[in-house]
Asker: 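Pasting a structure below so you can have a look.
As the structure is a prediction and not an experimental result, all values here were calculated from the model. Heavy atoms only: backbone and side chains are in, while hydrogens, waters and symmetry mates are out. Sequence lines set the chain letters: A, B, ... in the order given, protein chains first and strands last, and positions in each chain run from 1.
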Protein chains: 2
Amino acid sequence: MNSVKEYKSASYKTGKIRKDNEIVIREAAEQEFAEFGFKGASIMSIAKRANVPRPNIHYYFKNKQELYNAVLMDILALWNKAFTEFTAEDEPAEAIGNYIRLKLMYSRCYPTASKIFANEILQGAPHLNTYLNNDLRVLLAHKTAIIQGWIDAGKMDAIQPYYLIFFIWGATQHYADFGIQIKSALGKEELSEEDFEEITANLIQIITKGCGLVK
Amino acid sequence: MNSVKEYKSASYKTGKIRKDNEIVIREAAEQEFAEFGFKGASIMSIAKRANVPRPNIHYYFKNKQELYNAVLMDILALWNKAFTEFTAEDEPAEAIGNYIRLKLMYSRCYPTASKIFANEILQGAPHLNTYLNNDLRVLLAHKTAIIQGWIDAGKMDAIQPYYLIFFIWGATQHYADFGIQIKSALGKEELSEEDFEEITANLIQIITKGCGLVK
DNA sequence: GTCTATACAGAGATAGAC
DNA sequence: GTCTATCTCTGTATAGAC
């Protein structure tokens, strides 16, 4: 039927326009979902943010759910990446310090991703059941086993490994999810790189010392 | 016109029905707002949760905004209460330990309140500007001054007081806001009182030791 | 590949009967 | 004080012109 048109678009550059548009839409969607969660987000608002006509969103993504899934998958990849850091061979003080540093770096660089994740959990994680009960749980079991190994080897105090991880998550993600409250409390427009370095140093000091890893 | 009916309802007990209904609606609204935030929440859904006809919500609360405000004000009162705890005369180890204990108790007893607050901050705190820039900021300045006093007196390590507070907030509120993730990770249906006591003990140990308050 | 027009569902709000 | 009926707006989704 539309063989001419099809040929034309195929000959242009395979999926170039599509790819560009998808990225623009995806980024706008991230902002919207981070603020309002899945239910509160509106496609119209995403279209305005992306500066594209509203029906185009439907052209690139079948529906709201599919768009959300696409965004969410990106974030999970990011999350898992941050979490595969330390290994049993590492020195615990360094390994935990690096993990805290990395998590804070993520809060600084990808606050939107963190917020979407937070929104998803707040809404009862309806789209993350598989992830929470499989991928994350396996990863977590692995990490806590490493920490327990360090404890058994007398390298650090006897802390419940799970609680230590939750502790680090809570403290670091807070800087992304509650960023507005923090900025407001400190009377700053934005947190600078120096601010984040100070935060990192303070956090690492408290936690490593608190776990008996440094004096 | 309806003098008989009016008399009847007035003679019942002044505002008894109204009060009861308001409470039921308020509690349903809390659940809904905690899950979906202001924008994502729907009055219809709140009515279903409260098991009242939808128009009744409008009878008791002018509109969605007013209902939300009512719920939010309750939460701020709760939040401030938790935050007016420690004073300069306290011993820092005990004061900070008590504050952590109290914050965790709030996460355990009022997870819904915590989630509404989290949602509000995630959405850019459009209804909390006054609170964040006034009440909270004053309270926070006061608390950090106390901590700084302890540091100057050589009672604890030199930690940035603001960051210590944010640290405690992040770590404790995490157990309310990310409760689902935590339960899923631990493979538990609910966290027991014993779980919370263990969490409290671990958190207090890490933070007080990490700040040089205990050996 | 882009965009106008439109169908249709859900939600907020209010008038007015009971 | 309760609830039906209704108005209006917003939002999702799709058909079809260009």
Asker: When you compare the side chain of A:Leu203 with that of B:Phe167, does any pair of heavy atoms fall below 4.5 Å?
Answerer: yes
Asker: Rounded to whole Å, how long is the line connecting atom CD1 of B:Ile25 with atom P of D:dG1?
Answerer: 11 Å
Asker: Rounded to the nearest 0.5 Å, how far does CZ of B:Phe38 lie from CZ of A:Phe36?
Answerer: 10.5 Å
Asker: How many whole angstroms separate atom CD1 of B:Ile46 from atom P of C:dG10?
Answerer: 18 Å
Asker: Can A:Glu190 and A:Lys183 be counted as an ion pair, charged N to O under 4.0 angstrom?
Answerer: yes
Asker: Could you measure the distance from the CG atom of B:Leu132 to the CD atom of A:Gln181? Nearest 0.5 Å is fine.
Answerer: 6.0 Å
Asker: Return the value, rounded to whole Å, for the distance between atom CZ of A:Phe61 and atom P of C:dT2.
Answerer: 13 Å
Asker: Are A:Lys64 and A:Glu32 close enough for a salt bridge, meaning some N to O gap below 4.0 Å?
Answerer: no
Asker: One character per nucleotide, please: for nucleotides 12-17 of chain D, 5' to 3', B when the base has a protein heavy atom closer than 4.0 Å, S when only the sugar-phosphate does, - otherwise.
Answerer: BBB---
Asker: Is a side-chain donor-acceptor pair under 3.5 Å present for B:Asn69 with B:Gln65?
Answerer: yes
Asker: Please give, in whole Å, the distance from C:dA11 P to B:Arg49 CZ?
Answerer: 13 Å
Asker: Taking 4.0 Å as the cut-off, does a side-chain nitrogen or oxygen of A:Asn56 come that near to OP1 or OP2 on C:dC3?
Answerer: yes
Asker: Reading DNA chain D 5' to 3', how would its secondary structure be written in dot-bracket notation, given Watson-Crick and G-U pairs with both distances under 3.5 Å, brackets [ ] for crossing pairs and | for partners on other strands?
Answerer: ||||||||||||||||||
Asker: Report the residue from B:Leu72, B:Ile75, B:Leu67 that forms a side chain to side chain contact (heavy atoms under 4.5 Å, CB included) with B:Phe33.
Answerer: B:Leu67
Asker: Would you kindly give the CZ-to-P distance between A:Phe36 and C:dA11, to the nearest whole Å?
Answerer: 17 Å
Asker: Mind running ring-ring contact (aromatic ring centres under 6.0 Å, His included) on B:Trp169 and A:Phe178 for me, showing each step along the way?
Answerer: CA-CA 10 Å; B:Trp169 284 355; A:Phe178 287 71; 8.5 Å; no
Asker: With a 3.5 Å distance limit and no angle check, can you tell me whether A:Asn98 reaches the backbone of A:Ala95 through a side-chain donor-acceptor pair?
Answerer: no
Asker: Would you mind classifying the nucleic acid contact of B:Tyr60 as base, sugar-phosphate or nothing, using non-hydrogen atoms under 4.0 angstrom?
Answerer: sugar-phosphate
Asker: Rounded to whole angstrom units, what separation is found between the CG atom of A:Leu67 and the P atom of D:dG11?
Answerer: 15 Å
Asker: I need the CD-P distance between B:Glu32 and C:dG12, as an integer number of Å.
Answerer: 9 Å
